[in-house]
Amino acid sequence: MQETYVPQSIEPKWQERWEKENLFKLKGQGEKRYILEMFPYPSGKMHMGHVRNYLIGDVLARYYRARGFDVLHPMGWDALGLPAENAAIQDGRHPAERTRENVAHFKAEMKSIGYSYDWDREITTSDPEYYRWNQWFFLKMRQMGLVYRRMNRVNWCVSCATVIANEQVKDGLCERCNAVVELRQMPEWAFRITRYSQKLLDNLDQLTEWPDRVTSMQRHWIGRSPGAEIVFKIDGVDDAALSVFTTRADTLFGVTYLVVAPDHPLMQRLVNDETRQAILEFAAAQAKNAGKQKRDEEPEKEGVFTGAYAIHPFTGAKVPVWAANFVVSDYGTGAVMSVPAHDQRDFEFAKKYGLSIRAVIQKTPEASIDVTALEEAFVNDGVMVNSEGFTGLSSEKGRAAIAAALKDKNLGGPAVTFRQRDWGFSRQRYWGTPIPIVYCDRCDPAHEGISVPEDQLPVRLPDIDVSKVLTGRGEPPLAKVPEFINTICPICGGPARREAETMDTFVDSTWYFARYLSPHLKTAPVDAEVAARMLPVDIYVGGPEHAVMHLLYFRFWTMVMKALGLVTVEEPVKRLVTQGIVNGPDGRKMSKRWGNVVSPRDIVSKHGADAARTFVMFAGPPEKDIDWSDEQVEGCARFLNRVWRLAYANVKSARFADALGNESGRALDIRRAAHRALQKVTDDIERLSFNTAIARVMELVNTLTPIKPETDAEEAAMAEAIRLMAVMLSPVAPHLAEEISASYGATECLQLQGWPAFDAALTSQTEVAYAIQINGKLRGEIHVAPEMGKDEILALAKADAKISAQLEGKAIRKEIFVPNRLINLVVG
RNA sequence: GCCGGAGUGGCGGAGUUGGCAGACGCAGGGGACUUAAAAUCCCCUUGGGUUAUCCCAGCGCGGGUUCGAAUCCCGCCUCCGGUACCA
């Protein structure tokens, strides 16, 4: 052991040894633990957020391995996606080339931090051997009816002649070229995730080890709302009817008008010669405004009468049908029934346009509402009035009764609506998975798409001339590659065209966790047998920004994989950890803009990987945001130096065999301190409280540092304590821990030595401190033997000099005795 | 607005089941070692009452339950994240 701690001189050595000894491989037997972190998009540089993300997983992986679990801890690359393609448009470098380079950089940085990954299981989503299975899933899901083609509204930039994402639209203009953005209807591919909405919602109750904020966000996102569908016939139209969805069927008799979305599919049947022009203009104005909508402000309610009247299903009354900007076409049925007396939005609209108001719900049967004096809608539940045979029912009973009656009349019935939409996944991009579809005019005149046969997978991304194909404008990039787009029809063998669109990269990350189990398997995406043993993932660590999209798609795909017989679980992850952000030293998000970016590379070269690791874990609990602090990092480096000096100062004690037992005095104190620390550290790591685990080791080091062992027993105790300290430190500061362990005679790496059990005889209390309160205020403290009884302790407490003085002349009315903690004497 | 989370010293944070608030670290102060500095080691460090002792106050604010509340309940305030004419 060197006298001074130079992390740079020991860290690479241990990293090489771990790799050489294949310590991070799955053994295939024993109790498993699958620890997974969200795989990164390999950008040019790793930042501190990555470091923290992988560290949380790494500490757990190292801990569980030492505990003897069969740990799977893999890493891979979410390599397909927009950034590489956008960069290519800028500088002309091929995304594949850039990705290879970035992966190499990323991997080298990861290794320098000492993560314990099994690199033989590395996967890269841009590898055709990976994305072929995306295509395979697509084909299977198409057979299951989970894939379909639909029309969807997209943002179309007139100047770029291409589809752009919502985020690229700024105030109705294209972010890149400032040209006008239009809404266009375009065909796209979609997954029918809504078939699983109810299951995705129900299963949230099982995910007890997920953070509330994530399950709550998913619940909201799925947005289940039970109610009724009600069909209104249209006056003068026999072959079509307007269907509305409502959660308040009990207010049906209060309907005084209907409102439809400006782009409602039945609009042409509603308008007449007088209203057609006005409606057209209104719809066009709304489409134009859609992109401009600002957050946080509710636009003024505007509407236009369509000219049509709907017929009330019970009363037969004719109510006007309006078009208005507050009804959205893709929720519910795109049409609503308006009850201005009992809905605030409807009330405001009715007031603005002079529509009639009819009250049908009251607080009590007697408390009738004067609609002419109404200042706001009465939105609460109550009792139904003016509702024919339903009058007198409570709102709750009325909703059920009306829904049932509608069903009998064949004019609707109970219905459930979800906020969640299907997942449109086709992208007009190059750097993604090609959709395995061919269009043939002869075999598929409707252009629904012919599935590429399974044995022709993968449909590979063609190599391209970057500057010609990746321009960011015009038709999708792959449409400009003739050798890709022109193919033969799998049915007739004649000329055909391939689908030019690629898949959303969220597809790649829906099932990668299962691919790690058998990353090289040629015959299937997942080895079902291995999956049965290894799933679910025990702990999944990642950023909370993935709370809905990724984690919902991920759960959906697992359900599909179960339906395909690939996995046995319905939910992919048992425990989810969403880690907080690492901010800059100024408390702001690390960014070039603020000049507050701290590079992991710099920290490793300055303080060593272990100090960086210790800081990141010590700064706060995993789910909290932390601020980078140079002073705190130095503090951690100082701590590791103290550890080193302690180990170095006592290294001669290592030769004393662990002939331990029957100690007394200082030797016993040393052993007690070490075993108590071990007990607490173990407990802290189990509950993911890494910051306090490190604090426990610091306490131990503070206790041991001043002690200079003199007897054999003390030397042996000290050597044991330092070995245990190395174990406790090993998940967080593995390199330093290994070096100390080796210097103290270990020939095996720490993870093979196992995680020792603490000795209960040493952690038990030798004396118990009782706080003594009088009327709840702390007034003294006594120390007693653990076996002492309640009465005896109470007597001692009252006899204590300070206490007895305070009790002088007062009567004790009550004595509270909390074993091992405190005594509270209540006096009059 | 609604849903979720948080609010504790100068700072980051401990406090696991209602039981001694402030572990551990940073910053700051004092001392030891040194020719000196750095490094290291030791001590102090919530505020107030002129402080070895002792007393009072104190965990965003105001109430409540309890022998006892950072912790439970009610009503507010502030911040963070999500979401929004959702019928």
Whole angstrom value for the distance that separates C1' of B:C67 from CD1 of A:Ile812: 13 Å

Sugar-phosphate, base or nothing in reach of A:Gly620, heavy atoms under 4.0 Å: nothing

Interatomic distance at C1', B:C2 relative to B:G18, whole Å: 32 Å

Beyond-backbone contact of A:Arg248 with A:Ser395, side-chain heavy atoms, under 4.5 angstrom: yes

Rounded distance in Å - CD1 (A:Ile782) to C1' (B:C20): 13 Å

Closest to side chain of A:Met698, choosing from B:A87, B:C24, B:C42: B:C24

Residue pair A:Trp210, A:Gln218: steps toward the side chain to side chain contact (heavy atoms under 4.5 Å, CB included) verdict: CA-CA 11 Å; A:Trp210 283 39; A:Gln218 293 208 352; 4.1 Å; yes

Side chain A:Gln773 and base B:G68 donor-acceptor under 3.5 Å: no

Short side-chain N/O contact from A:Arg642 to OP1 or OP2 of B:C41, under 4.0 Å: yes

Donor/acceptor link under 3.5 angstrom from A:Arg696 side chain onto base of B:A23: no

Residue A:Glu781, side-chain heavy atoms: nucleotide from B:A27, B:C20, B:C42 that is nearest: B:C20

Glycosidic class, syn or anti, of B:U50 using a 90° window around 0: syn

Side-chain heavy atoms of A:Asn691 within contact of A:Ser689, under 4.5 Å: yes

Whether A:Trp423 and A:Tyr553 hold their rings parallel, tilted or perpendicular, with breakpoints at 30° and 60°: parallel

Residue-phosphate contact under 4.0 Å: A:Ser225 side-chain N/O, B:A87 OP1/OP2: yes

Nearest-nucleotide pick for A:Arg638, side chain only, options being B:G25, B:U83, B:U40: B:U40

Interatomic distance, A:Leu822 CG vs B:C20 C1' [rounded to whole Å]: 7 Å

Distance test, side-chain N/O of A:Lys802 to OP1/OP2 of B:U53, below 4.0 Å: no

Among B:C67, B:C85, B:G15, the one nearest A:Ile816 by side-chain distance: B:C67

Base paired to B:U17 (Watson-Crick or G-U; both N/O distances under 3.5 angstrom): none

Aromatic ring pairing A:Phe506/A:His550, orientation class (parallel under 30°, perpendicular over 60°, tilted between): parallel

For B:A57, the Watson-Crick or wobble partner whose two distances fall under 3.5 Å: B:U46

Nearest-Å distance for atom pair CD/P, residues A:Glu229 and B:A87: 15 Å

Side-chain-base donor-acceptor pair under 3.5 Å for A:Lys301 and B:C85: yes

Rounded P spacing from B:A23 to B:U16 in Å: 15 Å

Side-chain N,O (A:Arg645) to OP1/OP2 (B:C41) below 4.0 Å: yes

A:Lys351 vs A:Ile357 side-chain heavy atoms within contact, under 4.5 Å: yes

Given B:A84, B:A87, B:A57, the nucleotide with the shortest approach to the side chain of A:Lys777: B:A57

Nearest-nucleotide comparison on RNA chain B, the residue closer to the 5′ end among A:Arg821 and A:Ile626: A:Ile626

Of A:Val826 and A:Val214, the one whose closest RNA chain B nucleotide lies more 5': A:Val214

A:Arg813 atom CZ: more than 12 heavy-atom contacts under 6.0 Å: no

Touch class at under 4.0 angstrom, heavy-atom based, for A:Val328 against every strand present: base

A:Asn702 side-chain N/O to B:A23 phosphate OP1/OP2 under 4.0 Å: no

CA sep, side-chain torsions, deciding dist, call: A:Tyr353, A:Phe305, ring pair (Phe, Tyr, Trp, His ring centres under 6.0 Å): CA-CA 10 Å; A:Tyr353 291 102; A:Phe305 177 48; over 10 Å; no

Contact under 4.0 Å: A:Arg687 side-chain N or O vs B:G15 OP1/OP2: yes

Paired nucleotide for B:A37 [Watson-Crick or G-U wobble; both distances under 3.5 Å]: none

Beyond-backbone contact of A:Tyr257 with A:Phe349, side-chain heavy atoms, under 4.5 angstrom: yes

Glycosidic conformation of B:G9, taking syn as within 90° of 0 and anti otherwise: syn

Pairing partner of B:U66 (Watson-Crick or G-U wobble, both distances under 3.5 Å): none

Atom pair distance, as rounded to whole Å: CD1 in A:Ile581 and P in B:G5: 18 Å

Any A:Tyr331 side-chain nitrogen or oxygen under 4.0 Å from OP1 or OP2 of B:A87: yes

Separation of atom CG in A:Leu552 from atom C1' in B:G82, rounded to whole Å: 14 Å

Same-atom distance (P) from B:G60 to B:U83, integer angstrom: 29 Å

Pairwise P distance, B:C55 and B:G1 [rounded to whole Å]: 47 Å

Separation of atom CG in A:Asp627 from atom P in B:A27, rounded to whole Å: 16 Å

Selected nucleotide, minimal atom distance to A:Thr246 side chain, candidates B:A87, B:G13, B:C24: B:A87

Atom C1', compared across B:G75 and B:G82: separation rounded to whole Å: 25 Å

Euclidean distance for C1', B:A87 against B:A69 (whole angstrom): 45 Å

Side chain of A:Asp684 - closest among B:A87, B:G68, B:U16: B:U16

Complement of B:G10, any strand, by Watson-Crick or G-U distances under 3.5 angstrom: B:C26

Sugar-phosphate only, base, or nothing, as touched by A:Pro621 at under 4.0 Å among non-hydrogen atoms: sugar-phosphate

4.5 Å side-chain heavy-atom contact, A:Pro340 and A:Leu355: no

A:Ser216 side-chain proximity, nearest of B:A87, B:C3, B:A23: B:C3

A:His220 side-chain proximity, nearest of B:C26, B:C3, B:U83: B:U83

Minimum-distance nucleotide (side-chain atoms of A:Arg419 versus B:C67, B:U16, B:C86): B:C86

Nucleotide opposite B:G81 in a Watson-Crick or G-U pair, distances under 3.5 Å: B:C3

Phosphate OP1/OP2 of B:A14: any A:Asn691 side-chain N/O under 4.0 Å: yes

Whole-Å C1' distance, B:G63 and B:G15: 25 Å

Same-atom distance (C1') from B:C86 to B:C74, integer angstrom: 32 Å

Spacing of A:Met549 atom CE relative to B:G82 atom P, expressed in whole Å: 13 Å

